[in-house]
Amino acid sequence: MRATTRLPNGCYTPLNSFKEVEGNDLTLYNVATYPKDAACPRIVEYKSVVFDVNNLEPGDYRIVDGDDGAVLGELKKSEASIKIDSNLK
């Protein structure tokens, strides 16, 4: 599953993206590093990240933002396919 993450300025560097599954919640996390005492350009950056969902058991999952707990959408996995419905427009 591909997602776009928003970094608040040009000093953030993506470090790691990972997921946790608890019950039917699929929580996505994106961790970034930030240099101490840096002069940073005030420009929002968007980066594409990939979360591997192939190893999930078949079922219906809520996609949850690991930062603020917002529900981002749903993922429905069957033996043959994966369908994602996003609340984001």
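Just so you know, these numbers come straight off a predicted model, no measurement behind them.
- Looking only at distances, no side-chain donor or acceptor of Asp85 sits under 3.5 Å from a matching main-chain atom of Glu74.
- Here Asp67 contributes atom CG and Arg6 contributes atom CZ; the two are 11.0 Å apart, rounded to the nearest 0.5 Å.
- A distance of 11.0 Å separates SG of Cys11 from CG of Asp37, quoted to the nearest 0.5 Å.
- Taking each heavy atom of Pro41 and Asn9 in turn, the nearest pair found is O-CB, 3.2 Å.
- When hydrophobic clusters are built by joining Ile, Leu, Val, Met, Phe, Trp and Tyr residues whose side-chain heavy atoms come closer than 4.5 Å, directly or via intermediates, Val21 is grouped together with Leu75.
- For the pair Leu72 and Val64, the tightest heavy-atom approach, listed with the atom from each and the gap, is CD1-C, 4.3 Å.
- One hydrophobic cluster, built from ILVMFWY side chains closer than 4.5 Å, cannot hold both Ile63 and Val31; they sit in different ones.
- Surrounding CG of Leu15 are more than 12 heavy atoms belonging to other residues, nucleotides or ligands, all under 6.0 Å away.
- Closest non-hydrogen pair, Glu79 versus Pro58, comes out as OE2-CG, 3.1 Å.
- Side-chain contact between Val49 and Arg2 is absent, with no heavy-atom pair separated by less than 4.5 Å.
- Leu26 and Ile82 end up in the same hydrophobic cluster when Ile, Leu, Val, Met, Phe, Trp and Tyr side chains are linked at under 4.5 Å.
- Here the shortest heavy-atom pairing between Lys19 and Leu28 reads CB-CD2, 4.0 Å.
- For Lys77 against Leu56, the heavy-atom pair with the smallest separation is NZ-O, 2.7 Å.
- Judged as a ring-ring contact (aromatic ring centres under 6.0 Å, His included), the pairs with a partner in residues 22-66 (not counting sequence neighbours) are, in order, Tyr12-Tyr34, Phe18-Tyr29.
- The two residues Gly66 and Thr27 come nearest to each other via the heavy atoms CA-CG2, 3.5 Å.
- Taking Pro14 as the reference, Leu7, Lys47 meet the side-chain contact (heavy atoms from CB on, under 4.5 Å) condition, with sequence neighbours excluded.
- With sequence neighbours left out, the side-chain contact (heavy atoms from CB on, under 4.5 Å) criterion links Asp52 to Asn54.
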